[in-house]
Amino acid sequence: MADCGVASRRKCEELIADGKVKINGHIAVIGSKVNIKKDIVTLRGKKITKETRMRYIMLHKPRGYVATVSDDRGRKTVMELVRGVDERVYPVGRLDKDSEGLLLLTNDGAFANALTHPRHGFAKTYRVTVRPSVGEETLMKLRNGVVIDGKETASCEVNIITSEQGRVVLEFVLREGRNRQIRKMCEAVGLEVARLKRTSVGSLKLGMLQQGKWRELSETEVKRLLKSAEKKALAEDNFDGV
């Protein structure tokens, strides 16, 4: 389903668990096998077919939009910003409503999984404006890990870009992607986040892409990301085998 551009793998599993997916008229279960040449798979009664064109989109997400295909609370979604794309793309990873910056969308399930799987550990860079001030002790706490939601965060890179009275701009580089992680980390050390912007994912940089605009990734950019994921996976397998 993910490879057909329905949604992310996680969302597809939710749809199956909710009984909204059928194989040859029978309700599917997680782990069901499908022969794409013979079986008919439907979602809410509509046949799922393989997308013929894979789309890889970089969006400069503004604040005020949720990074989902639809929202049952009636909030604006990022899909409103990529109108004109005929294929059924969906967001890759998280970027909350109050955050902005680089967001990827695709209909390629394998690509989405490569970018979001924890073992690949893609570095994501954020520019974060906080209040009030940030001392060395606070920086060390953020770098070494703080406890949020009962679990300590992994070590990360945190550096001061600019500092003035009552306002500091930090650069975070994370390799894990927990829900609202930076906001919760800052809250844990007594900082208020005034603005949060993602500026890069792996080798991809937001660059001069204007807010609310999107562009296609080049073939080279896609291949570079996939190759990086393969290298990280191979390195981890070799490490586990030692």
Side-chain angles (χ1 to χ4, degrees), residues 8 58-68 78 91-105 112-212 214 217 221 224-225 228-229 231-232 235-236:
S8 66
M58 178 196 293
L59 169 70
H60 186 162
K61 175 192 170 304
R63 285 181 281 185
Y65 289 80
V66 292
T68 58
V78 293
V92 178
R94 301 186 180 102
L95 196 58
D96 66 57
K97 176 175 174 288
D98 297 320
S99 300
E100 58 192 288
L102 194 162
L103 180 69
L104 296 174
L105 299 96
N113 188 57
L115 264 68
T116 56
H117 198 292
R119 74 186 301 204
H120 297 154
F122 275 98
K124 300 178 180 68
T125 305
Y126 301 82
R127 187 181 180 96
V128 186
T129 303
V130 299
R131 305 186 185 102
S133 57
V134 179
E136 189 61 31
E137 183 178 351
T138 299
L139 281 177
M140 291 305 299
K141 287 180 180 179
L142 292 170
R143 290 167 179 162
N144 294 333
V146 296
V147 177
I148 61 173
D149 300 327
K151 182 181 177 181
E152 188 172 68
T153 59
S155 59
C156 63
E157 300 173 35
V158 186
N159 294 294
I160 294 176
I161 298 176
T162 62
S163 180
E164 55 189 66
Q165 185 65 35
R167 179 181 178 276
V168 180
V169 178
L170 301 172
E171 182 180 78
F172 280 73
V173 181
L174 303 185
R175 287 178 172 78
E176 62 178 347
R178 294 161 62 180
N179 185 37
R180 297 177 66 85
Q181 180 170 340
I182 291 178
R183 295 182 185 278
K184 291 178 180 179
M185 288 174 66
C186 289
E187 182 181 0
V189 296
L191 296 175
E192 174 192 356
V193 174
R195 188 174 184 182
L196 192 156
K197 180 178 182 179
R198 183 156 63 201
T199 58
S200 72
V201 174
S203 57
L204 284 179
K205 298 185 184 300
L206 186 63
M208 301 302 292
L209 185 63
Q210 294 184 357
Q211 195 172 95
W214 61 272
L217 298 188
E221 288 173 325
R224 187 181 294 129
L225 287 169
S228 178
K231 284 184 177 179
K232 291 175 187 294
E236 183 172 300

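What you are looking at is a predicted structure, and each value in this text was computed from that prediction instead of being measured.
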Task: With R195 via salt bridge (charged side-chain N to carboxylate O under 4.0 Å, His left out) - residues at least two apart - done: E100
Open item on the list: I'd like to check the salt bridge (charged side-chain N to carboxylate O under 4.0 Å, His left out) partners of E187; sequence neighbours left out, ordered by chain and number.
Closed with: none
Open item on the list: The criterion is side-chain contact (heavy atoms from CB on, under 4.5 Å); which residues satisfy it with T138, sequence neighbours excluded?
Closed with: V134, L142, V189, L191
Open item on the list: Going by the rule salt bridge (charged side-chain N to carboxylate O under 4.0 Å, His left out), which residues pair with K141 if we only count those two or more places apart in sequence or in a different chain?
Closed with: E137
Task: Partner set under side-chain hydrogen bond (donor to acceptor under 3.5 Å, both in side chains) for R94, not counting sequence neighbours - done: none
- [ ] Report the residue from V201, V92, L206, V78 that forms a side-chain contact (heavy atoms from CB on, under 4.5 Å) with L103.
- [x] V78
Side-chain polar contacts of residues 168-176 - donor-acceptor pairs under 3.5 angstrom, sequence neighbours left out - could you list them?
unit_1	atom_1	unit_2	atom_2	d
E176	OE2	A154	N	2.7
E176	OE2	Q181	NE2	2.9

Mind listing the side-chain donor-acceptor pairs of residues 146-153 below 3.5 Å, one per line with the distance, residues two or more places apart or on another chain?
unit_1	atom_1	unit_2	atom_2	d
D149	OD2	K184	NZ	2.8
T153	OG1	V146	N	3.0
T153	OG1	V146	O	3.4

TODO: Look at atom CD of E164 and say whether more than 12 heavy atoms of other residues, nucleotides or ligands are closer to it than 6.0 Å.
DONE: yes
TODO: Report the residues that fulfil side-chain hydrogen bond (donor to acceptor under 3.5 Å, both in side chains) with E136, sequence neighbours left out, ordered by chain and then residue number.
DONE: R143
Open item on the list: Please enumerate all residues that pass side-chain contact (heavy atoms from CB on, under 4.5 Å) together with D96, with sequence neighbours excluded.
Closed with: D98, S99, R180, R183
Would you mind writing out the side-chain donor-acceptor pairs for residues 122-133 within the sub-3.5 Å range, not counting sequence neighbours?
unit_1	atom_1	unit_2	atom_2	d
T125	OG1	S200	OG	3.0
Y126	OH	R198	NH1	3.2
R131	NH1	E192	OE2	3.4

TODO: Hey, could you give me the CG/CD1 distance between L139 and I160, rounded to the nearest 0.5 Å?
DONE: 4.5 Å
